[in-house]
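Reviewing the structure listed below.
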Protein chains: 2
Amino acid sequence: MTELEQSIKLKRGFRSLREEAMLNLVRTVDQTQIAFTRLFREHGITPQQYNVLRILSGAGEPLPCLEVAARMVTVVPAITGLIDRLEKAGLAVRKRCADDRRIIFVELTPGGRGLLKALEEPVDRLHEELLGQLTDTELKTLIRLAAKARETAEERNGA
Amino acid sequence: MTELEQSIKLKRGFRSLREEAMLNLVRTVDQTQIAFTRLFREHGITPQQYNVLRILSGAGEPLPCLEVAARMVTVVPAITGLIDRLEKAGLAVRKRCADDRRIIFVELTPGGRGLLKALEEPVDRLHEELLGQLTDTELKTLIRLAAKARETAEERNGA
DNA sequence: TCCAGTTACTTGACATATCAACTATTGTGT
DNA sequence: ACACAATAGTTGATATGTCAAGTAACTGGA
């Protein structure tokens, strides 16, 4: 396909097919995150707080602060305030490690575990609702292409 | 185990194919936005500020504050501070409308226009670099599936 | 033992997003 | 003309993300 043919097919405002793809991805994630943010807010937490709870639950054991941050896309300093707020909300607690006093473990409280349990079904339902129009085949294609699309970025960002 | 499961070190699998797709999308957008954020920072602006400049440039004329916000995924109150900072940086200016004194137009300054011009080539190059591994066919598929994936969300969010 | 480097976090400054509430201005109905 | 609703934006409180810089604790080598 020539450059001209390509440019003709471009929707107004996009400088290239790649830019169009990028902006489509960003908008899709933005829109879906808005829906999840609202769901979480109904339960008194933010998406990031939910991520921390989910990671702690998935690990099945207390994790060091930085380990939690590493499993999120979150930058290190941000984890401090995040855990501060979870602690204030009674959903998690900090526990200093006896062996290495630099390390501070984060642990789910029963309250945190209960909230996660209560969110399981609504979260599943929202995933179903938001992506319900896509067939399994389409979902697999989307997963494959999204993974391919971030390969270069992950290398550059040192993932 | 998929690449994403490895990279975020989930011990249990995804709860559903839809969740896997969702987390893949989020992860991809996060990673690519990190790269763009760095590029913009080298030029002294943030991704959001770039978006405002790009919208004003695309419109070709001054736009009301809320019109700018409407063209972004940005919530109304956030646009105020965003424009404050652009104004302070000398990249845009506010101009009160004479006909309807409630409306405040935002306009690019020559400096803002110049910055956009300087960013054109690096931004194109970054799009090329990040998504260069995807063929045109794959890009089109990705665009189509991403659009389909956000249909429900946009309806729910009143887009 | 002591010091320099590393590691695990925390803090501070700033940009942004969210919602609710507020001001200023305009339009509308009576 | 007056009361009230609608519109355009701003402000304030809170949550989060970014980087740079700081603190506390461990580690390895002279």
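Just so you know, these numbers come straight off a predicted model, no measurement behind them.
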Could you tell me the separation between the [atom1] atom of [X] and the [atom2] atom of [N], rounded to a whole number of Å?
{"X": "A/F40", "N": "D/dA15", "atom1": "CZ", "atom2": "C1'", "result": "15 Å"}
{"X": "A/E87", "N": "C/dC9", "atom1": "CD", "atom2": "P", "result": "13 Å"}
{"X": "A/L39", "N": "C/dT18", "atom1": "CG", "atom2": "P", "result": "16 Å"}
{"X": "A/D99", "N": "C/dT7", "atom1": "CG", "atom2": "C1'", "result": "16 Å"}
{"X": "A/I34", "N": "C/dC19", "atom1": "CD1", "atom2": "C1'", "result": "14 Å"}
{"X": "A/R96", "N": "C/dT10", "atom1": "CZ", "atom2": "C1'", "result": "11 Å"}
{"X": "A/L82", "N": "C/dC9", "atom1": "CG", "atom2": "C1'", "result": "14 Å"}
{"X": "B/F36", "N": "C/dA15", "atom1": "CZ", "atom2": "C1'", "result": "20 Å"}

Considering every strand and a 4.0 Å limit on heavy-atom distances, what is the contact class for A/T74: base, sugar-phosphate, or nothing? sugar-phosphate
Q.
At 4.0 Å (heavy atoms only), tell me whether A/N51 reaches a base, stays on the sugar-phosphate, or touches nothing.
A. nothing
The criterion is side chain to side chain donor-acceptor pair (under 3.5 Å); which residues satisfy it with [X], sequence neighbours excluded?
{"X": "B/T32", "result": "none"}
{"X": "A/R85", "result": "none"}
{"X": "A/R101", "result": "none"}

B/E138 meets the salt bridge (charged side-chain N to carboxylate O under 4.0 Å, His left out) criterion, sequence neighbours left out, with A/R144, A/K148
Exercise. Should A/E67 and A/R71 be marked as a salt bridge (charged side-chain N to carboxylate O under 4.0 Å, His left out) after you check the CA-CA gap, both sets of side-chain angles, and the distance that decides it?
Worked result: CA-CA 6 Å; A/E67 183 59 29; A/R71 298 188 189 195; 2.9 Å; yes
In numerical order, the residues of residues 41-49 of chain A whose heavy atoms come under 4.0 Å of DNA chain D are A/T46, A/Q48, A/Q49
Once base and sugar-phosphate atoms are separated, protein heavy atoms under 4.0 Å mark nucleotides 2-14 of chain D, 5' to 3', with B, S and - as ----BBSSBB---
For A/A89, the side chain to side chain contact (heavy atoms under 4.5 Å, CB included) test, sequence neighbours excluded, returns A/L91
Side chain to side chain contact (heavy atoms under 4.5 Å, CB included) filter on A/T109, not counting sequence neighbours, yields A/V93
Taken in chain and number order and not counting sequence neighbours, the residues that satisfy ring-ring contact (aromatic ring centres under 6.0 Å, His included) with B/F105 are none
Checklist line | Salt-bridge criterion met for B/E121 and B/R125 (N-O under 4.0 Å) | finding: yes
